Undergrad: 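I'd like to ask some things about the structure below.
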Amino acid sequence: MTHRREALLALLFALAVLAAAFAAPWLRFVLTLALAKGIAALGVMLLLRAGQVSFGHAMFVAFAAYAVAFLAGRVGDALLLLPLAMLLTSLLGLVIGLFVARYREIFFGMLNLALSMVFYSLLEKFYSITHGTDGMRVPAVTWAGMATERVGGEWAVLVAALVLAIGFALLARLYLASPLGEALQGIKTREARLEFMGLPPRRVLLVAYVLSAAMAGTAGALIALTTRHVTPLMGYWTASGELVFIVILGGAGGVLGPFLGAVAYELVRVYAAASVADAWQLILGAVLLAVILFARGGLFSLLRGRRA
Amino acid sequence: MGAWFADNGLLLGLALLDGLASAALIFLVAVGLNLVFGVLRVLNIAHGSLFAIGAYTAAGLGAALGSGALPAWAALGVLILAAALVGAVLGPLIERLLLRRIYAEENVLQLLVTFALFMMLEDVQKLVWGVQPVHHDAAMRLFGTFDVPFGSDFIPFTAYQLFVLPGIAVLVLVGLVWFLRSTLSGRMIVAVTTDREAATAIGINADRVYLLTFTAGAVLAALGGALASPTAAIVPGVGASTIVLSFAVVATAGLGRIEGAALTALMIGLGRSVAVYFFPEAEVLIPYLIMVAVLLVKPQGLFGTLETRRI
Amino acid sequence: MGITRRDAVLGTAFGGLLLPSTLRAQPVQRPQELRIGITTFLSGPASVFGVPGRQAAEMLIDEINRGGGIGGVPIRPYFVDEGPGVEHLLGEFRRLVLNERVEVMLASISSGSCLACTPLAEELRRVTLLWDCGTQRIFEEKRYQYAFRTQANATPEVLAPLLYLLKRKPDFRTIAVLNQDYAWGRDSWELWRAGMQALKPDARVVAELFPRFGATDFSTEVTRLLALRPDVILSTSWGGELDTFIRQAAERRLFERSTFVMPLAESSLERVGRSLPAGHIVGSRGDHWFQHPAPADKARLDRFVNNYRQRFNSYPIYPTYHMYQALSALQAAYAKAMAGNGGNWPNEQQLAAAFPGLEFDSPTARMTIREDGQGLEPQLIGTSRHTDALPFATLSDMIVFPPELVTAPVGRNSVEWLRGLSRDILDRVPAPAG
Amino acid sequence: MLRLEDVQVSIAGAPVLRGVRMYVPPGGRVALIGRNGAGKTTTFRAIMGLLPIEGGRILLAGADASGIAAHERARHGIGYAPEERRLFGGFTVEENIRLPAEVLRLPAVETRRRLEQVYSLLPELSGLATRKAAGLSGGQGKMVALGRALMVGTRAVLLDEPFQGLAPALAQRYAEALKRLRDALPDVAILISESNPELLRPLVDRSFVIERGEVSS
């Protein structure tokens, strides 16, 4: 797809999000969550480019969300909280990345899963600090010093999510086109060749990992500011699976894919829950199967008009 | 150290007895998952669902046949039958209809197909068995209890957990090792696990081996569920927690390694029960700590070997 | 469900252009139907409560609608699954209020859900009845104008069994706890310990076991408890985990060594059958029990129990009574608000204003909602016994604790209030009946 | 015996074989010469049905191979010794060699006959029979892989870079084994790949050269 067509598509997508949020107020919340999850899924997609599946990235989402919950009382402005949460999560990503970037495939996936389950258990265990499964309330925050009431706050976080989504999509596009980003493909196919080209595979993967953690952290901070209540469930392994789900649903072929996937995912879930409250998983699972079996490249490739 | 043992040695002994039964169940579920992963290279998330369905079926069948009337061995037979049935029906169905289509795909797609299946089966279980805890403990009660001396006191254990579960686990372990070593089907499974291409080149029909292995894995998952059902109430969500634990075992054990699964299950089972006695807060972390520790020292898992990878 | 589905599609595709988000104007028209949203667990382990709650709601709403609805308006419920977590719940809450225009929400089994929903309800100015969640924190940490609880909270649910234990077995020396490792398990133990330190400071805690939420095997914990031989074992567990614990403890004769206190065991009695031996202390998160020794209106209790049994083939458990209470409170509040509004349909402020001080009937008692929004619900605790009439344990020596005795007063923090209790509260405990 | 007509194969979207044409007559000894990455291994894998071909066709003893599943090719008498020896490390040497015969369910007599044939052609294997394959040296492994291929290769054996990584002395022994093979089994066609044409000259009747996925003779 040409740059111009992709930019046009992104613009149309952003406008559609804003229009839908304007027309149906209850969708603001759902779409904000979708954009946030799209950002996290974009990070997961970067790792998929290297052939690595993380089944634990919800840990970074939950970490940032809890960071916001803890810090919001002290740092009361969203425009400070977002970069702060992003930074902290990147640091966590760096520490964990140094460890997991040595592993590949199932070991990479399972280590991420294990670490996320450890973090999830700690959120539940440190009951006196985190209130366990009850979760924590996120205090009200200001936006650039301005206090907002419910509707204003919802718009503020939606617009912030949209801006960050576009920003990260551009960043991801630049990154994937750079030598470091292109080297990701090499991890998937021939690692030895990377070494030969003077790019240590571990470092290539580590950069992608930290970037993906930063994106997941941004998503977590946005989700915390949207739901205003964080629970350990945000870090459970099924939430990580959801992110991978979103990438595949949307298609890993381009940076728009994860966002299309996230919006589709949230809407399918809302729709399924509204029509059959006790069998929504059945519907979601069936949709995913249908996409994998009949539209391999995800929604993005359908939009592009040819199969990846 | 010596003083600590003098004070806590007896307790440690009890903890080890408890750990055996739990290790036995962990082994039964995880070994099937590991076998399937070794051959198909697909990490089957729906393995947890097969565990749950095996448990539901066994409890349902047990209740339908009526408790009390059956002798202990027959009650146990019913459970095993139920598991075999579930695995033998669902295994081929899933492999043929679903997995077969995606062997050539990237592993993320394979993983997600089983994730989607897992999600769907969660709701299917709810639709079939409802949400109330299902339970049928005739098998556990019929074996009675066994008193273990404890200082001047004694501690009753259920014979089911003390002898039957570990016994079956050992039988399965020995049986699997024998099967893989000494039968042609078993050797074909090992050959495909080691190198699918080389196996195909000498005439092994890998598709048939896949089917056989997946069915065996499904039977083992369902067997684990069936054997757990007399001691545990089966509730919605049991599949999700089972599968995460099994994943940890697979990664720790080394891919496709039976003896690795056994050793890992033993470490996790014993580690958790020792933790309950001495550091209860660490209990949930034990499987993951063991996994991280093992992979730090041996990146390919306990019994894992470096794989040759073909493009 | 046709309209729901269509609305979801339209809402998704065209948003509110076709469905104006608010039709509210003064004065309020009597609606065609009274839409209420009900959040409950339809998936995961807690659906053992959520699904009976939903079943009770469907049955009771049918009955109310057959009797002409509320003020002539039939009720239409919208159910939401709490299982997927807070994000999903908050999204659905908004959808129901903003898009489906529900007038009232009955929110949540899980305390986490309630803590997340209540501030949103306040922002959306929508009356929300906390129909089943237990956390005492909600009304102790903050005041709400639109949220009310139509049942007790954790404090009376823990204090009543503690008082019962102190009455029945005053000289126990050691106690162990085995609770699920999540908020309720931890909270209930904190409350219990606060009360026990005040009322029986010499009791020694010999083990605090918090197995993982969703654990399916308690053998190790049972062994530990068998070896420790505590006089009393407290467990506020529920659902499949309590069933499993009871069966494993029974098989290994732990019930012979220790007296169990199980404040939620009423919901497991029918399932565990004869595994639960006689002589152990059982509670029911309220005063509901199909053999209540002195119900306010026996015919009403019997009608509810029989209808439920006929329709769902099992005895009603506590969430079904809690659903009854919420719907009963709703009826009473609409009646009160309309009476105060010249017989006209109330707007949301008028409806909310009807709840403080509201009196309504539960299947077993006359209940009140306090000025802080907290419901006052009596607590029934009894001792298990076996009869030939039923294949599971029923209760003997029941004590019905008046809510004023066991609930922290308005404005008091429960833990601090419990710490300050003095032993004369024991003198005010009523005599057992039945 | 073996004919490739305009065979085209791509891996991950990149064309690797572009119209390969090749012919190995029954009992023929043919070399496929090419540098690393020229497409030798891909050609072998395509012949064995381990890769899908996108164009052209492969004929096995005159029959179109597209109708013969990969695992059926062993039954058609084609043995394959891959580049890396790819033995089943958990089995003993003899188990490795016997396995193809067991898989094909050959009669016990026939299995024994072939096994003895392998041991007589490759005498150094008899001493290794009970060793675990995982513990073999590189040269021993190559020998076992050849033996395994011979168990099924009644019409043709494909040997992918057998001399790769062998010390000169071992390479000499391997070449001698191949000579014995030629004399003992004149009906079995042999296709050997190699990067160094000099090594094979005394062993083959005919050579094909493969370069960037294209074959010239």
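Values in this document were obtained by computation on a predicted structure and should not be read as measured data. Numbered from 1 within each chain, the chains take letters A, B, ... in sequence-line order.
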Undergrad: Would a 4.5 Å heavy-atom cut-off, applied to side chains only, mark A:Arg150 and C:Glu122 as touching?
TA: no

Undergrad: Rounded to the nearest 0.5 Å, how far apart are CG of A:Asp134 and CH2 of C:Trp184?
TA: 11.5 Å

Undergrad: Heavy-atom pairs under 4.5 Å with chain A: which of C:Cys133, C:Cys114, C:Pro84, C:Gly50 has the most?
TA: C:Pro84

Undergrad: What part of A:Thr226 lies closer than 4.5 angstrom to a heavy atom of chain C: side chain, backbone, both or neither?
TA: backbone

Undergrad: So C:Phe213 and A:Thr133, side-chain contact (heavy atoms from CB on, under 4.5 Å) or not? Walk me through it.
TA: CA-CA 10 Å; C:Phe213 183 80; A:Thr133 46; 5.9 Å; no

Undergrad: Between C:Arg137 and chain A, which part of the residue has a heavy atom less than 4.5 Å away: side chain, backbone, both or neither?
TA: side chain

Undergrad: What option among C:Arg212, C:Arg186, C:Glu190 has the most heavy-atom pairs under 4.5 Å with chain A?
TA: C:Arg186

Undergrad: Do you know which of A:Glu154, A:Glu124, A:Met136, A:Met234 has the most heavy-atom pairs under 4.5 Å to chain C?
TA: A:Glu154

Undergrad: Under 4.5 Å, counting heavy-atom pairs only, tell me which of A:Arg269, A:Arg28, A:Glu149, A:Gln281 racks up the most with chain C.
TA: A:Arg269

Undergrad: I'd like to know if the side chain of A:Thr227 and the backbone of C:Glu87 have a donor-acceptor N/O pair within less than 3.5 Å.
TA: no

Undergrad: Does some side-chain heavy atom of A:Arg228 sit less than 4.5 Å from a side-chain heavy atom of C:Glu123?
TA: yes

Undergrad: Strictly by modelled atom types, are C:Asp181 and A:Tyr127 linked by a side-chain donor-acceptor pair under 3.5 Å?
TA: no

Undergrad: Quick one: which of C:Val80, C:Leu120, C:Leu124 has the most heavy-atom pairs under 4.5 Å with chain A, could you say?
TA: C:Leu124

Undergrad: Which answer fits C:Ser111, side chain, backbone, both or neither, if we ask what part of it has an atom under 4.5 Å from a heavy atom of chain A?
TA: both

Undergrad: What pair of heavy atoms forms the shortest contact from A:His229 to C:Gly112, and how long is it?
TA: NE2-O, 3.7 Å

Undergrad: Which heavy atom in A:Trp26 sits nearest to a heavy atom in C:Arg94, and how many Å separate them?
TA: CB-O, 3.7 Å

Undergrad: Below 4.5 Å, heavy atoms only, C-beta onward: do C:Pro119 and A:Arg137 meet side chain to side chain?
TA: yes

Undergrad: For the atom pair CD1 (A:Ile223) and CG (C:Leu90), what is the distance rounded to the nearest 0.5 Å?
TA: 12.0 Å

Undergrad: Is the shortest side-chain heavy-atom distance between A:Trp280 and C:Asp81 below 4.5 Å?
TA: yes

